[in-house]
Amino acid sequence: MSVFSLFIKEWARIFKNKMTLISIIALFFIPILYSGMFLWSFWDPYGHLERMPVAVVNNDKPATMDNQTLKVGDDLVKKLRENKEFDWKFVDENTAQLGLKKHHYYMVLTIPEDASKNAGTLSDSNPQKINFTYAIDESYNFVASMIGRNGAEKIKNQVSNSISEKYAEVIFDKVAGMPKGLRDAAEGSQKVTDGANQVHNGTSQLLTGLSDKSTDIHSMSTGASELNNGMRSFSNGIAQTLAGFNSLETGAKKVEDGLGTLSPGTNNLASGTTAMKAGIEKATGGSSSVTSQLQQYLSKHPELQTDVEFQTILGTSKAVTSGLTEINKSAGALEVGAAQVNQGVEALWTGQKSVTSGISQLKAGQNQLNTSSGQLLAGTNKLASGTQSLSSAWGGIVTNVSKLNDGANDLKNGSQELTTKLSNAAEDANPANTSDKTYSMFADPVKLVNQSFHKVANYGTGLAPYMIALSLFVGCIMLTIVLDLRDIPEIPKTGFGLFISKLATLVIVVTIQGLIVDFLLVKILGLHVKNPDQFILITVLTSVTYIALIQMLVKPLGDVGRFLAIIVLISQITSTGGTFPIETSPGFFRALHPYLPMTYSIEGLRAAISSHEPSTFTNSIQHLLMFFAAFAIVTWIYAFVQVKLLKHQIEK
C-alpha cells in the first residue's frame with residue numbers, strides 16, 4: 001500500500017471505532033486541562049496576599065530619644081492598618097499563638113516591649129537592636145512561610161527607616177545649632193589665644209630670669225662647698241677643745257680633794273690655838289711645809305695663777321707662817337688669825353666645788369656642741385652636693401624652658417589661626433533647609449529602581465513555558481495509550497510508508513492539542529504573548545518532537561517504551577530549569593540539561609511569550625528540529641527492518 005493509502009486507512013479505523021474517536025477528541029484537551037488548570041490556579045498568587053491572615057502582637061511601650069517620644073509599636077500598627085499586603089489581625093499574644101497552632105494564621109509578628117526603648121539608644125555609645133520576632137509554621141505551607149519571611153523583611157526595613165527618620169530629625173536639629181556653636185567656639189578659642197599669649201610672655205620672662213640666675217647658682221654651689229670645708233675645720237676644733245675640758249675637769253677635782261683635806265687641819269688649828277704656843281716651832285715648820293706644797297701645786301697648775309681663791313690660800317699659808325713667827329709675840333692675835341684661816345679654807349673649798357661643777361657643765365655643753373657640729377657637717381655635705389646637682393641641672397632647665405617658650409609661641413599662633421577659621425566657619429555655616437522629605441532621604445537614601453529587561457506580568461506567565469512543555473509531553477504519552485503505535489492496518493510497500501503514515505496521524509493529533517493549548521491560554525486565561533507566530537510554531541514543533549521521541553520508544557518496545565518515556569519525562573521535569581535556575585540543581589541534573597528536548601522547548605516558549613529574543617528562539621527551533629530528525633530516523637530504520645521481516649514471512 002502507498003503512504004497515502006496507509007494514512008487514510010489509519011483514520012478510517014479511528015472513525016469507525018467511536019470509543020477511539022471520542023478518546024482522541026478527549027486527548028485534544030488533555031494538555032490544556034493539565035497546563036490550563038495548573039496555571040489558572042497559580043496565575044497570580046502574589047496578587048492576592050491580602051487574603052493571607054497574619055497576626056500582629058504589639059507589646060511595645062513608648063520611650064524617649066532626645067526629648068522626643070518614640071512609639072515604634074503604635075506607629076508600625078498604624079502603618080500596617082493602612083497596608084493591604086496581608087490580612088493583618090491585631091491580637092494579643094495568647095490568641096496569636098493559639099491561632100498559629102490551629103492554622104488560623106500563616107505567621108505571627110511580635111513587636112517586643114522594649115522596641116521603643118531600644119530605638120532610643122541609637123545615639124548612645126552602646127546602642128541596642130530591636131528584636132522583632134516572627135513565627136511561621138512551615139509544615140502548614142512552605143511557600144507561605146517564604147512569603148511571610150519576605151513580608152517580615154519589608155516590615156523590618158520599614159521600622160528601620162522610621163527610626164532613622166527620627167534620628168535624622170534629631171541630627172538636623174543639632175546641625176541647625178552649629179553656627180552658634182562655632183561662634184561660641186571661636187570666642188573660646190580667642191580666650192585660649194589670649195591665654196597662650198600670656199603663657200608665652202610668662203615663659204619668656206621665666207627664661208630671662210633663669211638665664212640671669214645661672215651665675216648666682218654657680219656661686220651658690222661654690223659657697224656651699226667652701227662652707228662645707230669650714231664646717232669640717234670647726235668640727236675638728238670642737239673635738240680638740242673637748243679633750244682640753246677633760247683635763248681641766250680632772251685638775252679641778254684634785255684641787256677640790258686637796259681643799260677637802262685642808263679643811264680639818266684649819267679646824268684643828270683654830271681649836272688648838274691654846275696648845276699652839278707649846279709647839280710654835282713645830283707649827284712654824286708645818287706651816288712652811290704647807291706653803292711650799294701650795295707653791296709646788298701652783299707650778300704644776302699655772303692656770304691657777306688667776307684663781308683668786310687659790311691665791312688667797314697661798315697668801316694665807318704665807319701669813320700663817322708669818323703669824324707663827326709672831327705668835328709668840330701675841331697669843332691672842334694668833335687665836336684670831338687661826339679662826340680667820342679656818343673660815344677662809346671653808347670658803348675656798350665651797351668655791352672650788354662650784355668651779356668643779358661649772359667645769360663639768362661646760363664639758364657637757366662642749367660635748368653637745370661636738371655632736372651638733374657633726375650633724376651640721378653632714379648637712380653642709382648634703383647642701384654642697386645638692387647645690388652642685390642644681391648647678392649641673394640648671395642648664396637643662398634653661399634649655400627646656402626655652403623649648404616651652406617656643407611651644408607656647410606655636411600654641412599662640414595655632415590658636416589664633418583656629419580662632420580665625422572658626423569665625424569664618426561660623427559665618428559660612430547656614431542651617432540645613434530640612435523637611436519631612438529630608439528626614440526620609442536621610443533614613444532611606446537609596447531607591448531601588450526595577451528595570452526589567454523583559455518584564456513578566458505575573459507568576460502564571462513566568463511558569464507558562466514550563467507547564468505548556470510538560471502538558472504537551474503528557475498529552476503525547478496518553479495518545480500512545482489510545483492509538484496502538486505497533487498496529488499495522490495492512491502490509492505496506494516500504495518501511496518509509498509505514499513510518500510516515502503512522503507519524504502523520506500522530507502529528508495531526510498532537511498539533512491540534514498544541515493549537516488548543518495556545519488558543520485557550522491566550523483567549524480564556526489571558527496569557528499575553530509578545531510574538532503569537534513564534535508561540536504557535538514552537539508549540540507545534542514541541543508536540544511533534546515529543547511524539548517522535550515517544551514513537552521511537554513505544555513502537556519497538558511497547559509498554560516498556562512507554563515506561564521509558566515516563567522516565568524521560570521525569571528527567572526533563574528535574575533537569576530543564578523550568579522552575580528554579582538549573583545552576584541551583586545538583587551536578588547530575590546540570591549535566592543532563594543540554595541533552596533533553598524540553599530544555600529547548602521551554603527556552604523557545606519563553607522567547608516567544610516574554611523576551612521576543614530572536615537568537616534564543618532560533619537556537620531552540622534548531623535543537624528541536626535536530627531532536628525530531630534523530631528520533632524520526634531511528635523510527636524509520638526500525639520501520640524499514642519491520643517491513644523487511646514481514647515481507648520475508650509472507651514469502652515463506
Side-chain angles (χ1 to χ4, degrees), residues 3 6-38 466-489 497-521 536-573 596-598 601-602 605 624 627-632 634-636 638-639 642:
V3 174
L6 285 173
F7 176 74
I8 295 298
K9 195 75 173 178
E10 285 284 352
W11 280 102
R13 292 177 60 186
I14 292 173
F15 280 101
K16 285 180 180 179
N17 190 332
K18 293 184 178 180
M19 289 302 299
T20 301
L21 180 60
I22 294 173
S23 298
I24 290 177
I25 294 173
L27 285 173
F28 290 156
F29 297 92
I30 290 299
I32 189 58
L33 289 174
Y34 191 86
S35 60
M37 295 297 289
F38 188 90
Y466 174 64
M467 292 310 303
I468 292 172
L470 182 61
S471 65
L472 293 176
F473 200 96
V474 172
C476 290
I477 291 178
M478 295 189 68
L479 178 60
T480 64
I481 298 174
V482 176
L483 293 179
D484 188 355
L485 301 187
R486 308 185 73 186
D487 180 52
I488 303 175
L498 176 61
F499 156 72
I500 201 66
S501 62
K502 185 67 73 174
L503 179 61
T505 301
L506 297 174
V507 166
I508 291 173
V509 176
V510 297
T511 299
I512 295 173
Q513 285 181 337
L515 293 175
I516 291 175
V517 167
D518 292 349
F519 178 80
L520 293 180
L521 287 180
I536 294 172
L537 175 60
I538 193 69
T539 303
V540 172
L541 183 56
T542 295
S543 298
V544 171
T545 302
Y546 289 168
I547 198 61
L549 168 62
I550 296 171
Q551 183 186 21
M552 179 189 72
L553 296 173
V554 175
K555 190 170 183 62
L557 302 175
D559 290 337
V560 174
R562 195 174 289 110
F563 173 76
L564 292 177
I566 297 295
I567 298 300
V568 173
L569 174 62
I570 295 172
S571 299
Q572 294 185 127
I573 291 174
L596 298 172
M598 189 179 290
S601 296
I602 293 173
L605 286 166
L624 288 175
F627 277 118
F628 172 77
F631 302 149
V634 173
T635 306
W636 181 11
Y638 173 76
Q642 186 181 19

Using the test side-chain contact (heavy atoms from CB on, under 4.5 Å), find all partners of [X] that sit at least two apart in sequence or belong to another chain.
X	answer
Ile570	Ile566
Leu541	Thr545, Ile621, Leu624, Leu625
Val634	Met552

Spatial distance of atom [atom1] ([X]) from atom [atom2] ([Y]) [nearest 0.5 Å]:
X	Y	atom1	atom2	result
Asp518	Ile536	CG	CD1	6.0 Å
Gln572	Ile602	CD	CD1	8.0 Å
Trp636	Ile500	CH2	CD1	9.0 Å
Leu520	Leu515	CG	CG	11.0 Å
Ile508	Leu503	CD1	CG	10.0 Å
Met598	Leu569	CE	CG	5.5 Å

Which atom of Pro597 lies closest to which atom of Leu549, heavy atoms considered: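 What the structure gives for the nearest pair is CG-CD2, 4.4 Å.
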Least distance between heavy atoms, Ala565 atom then Ile550 atom: CB-CG1, 4.3 Å
Working for side-chain contact (heavy atoms from CB on, under 4.5 Å), residues Leu564 and Val568: CA-CA 6 Å; Leu564 292 177; Val568 173; 5.5 Å; no
Those residues that, when tested against Phe631, pass ring-ring contact (aromatic ring centres under 6.0 Å, His included) (two or more places apart): Phe627
Could you go through residues 470-480 and list every donor-acceptor pair under 3.5 Å that involves a side-chain atom there, pairing it with any protein atom two or more places apart or in another chain?
from   : atom 1 : to     : atom 2 : distance (Å)
Ser471 : OG     : Pro31  : O      : 3.4
Ser471 : OG     : Met467 : O      : 3.1
Ser471 : OG     : Ile468 : O      : 2.9
Thr480 : OG1    : Ile477 : O      : 2.4
Thr480 : OG1    : Arg562 : NE     : 3.1

For Thr635, side chain to side chain donor-acceptor pair (under 3.5 Å) partners two or more places apart: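 With neighbours one apart ignored, the set is empty.
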Pairing residues for Ser601 by the side chain to side chain donor-acceptor pair (under 3.5 Å) criterion, not counting sequence neighbours: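 Once residues adjacent in sequence are excluded, the partners of Ser601 under the side chain to side chain donor-acceptor pair (under 3.5 Å) criterion are Thr542, Tyr546.
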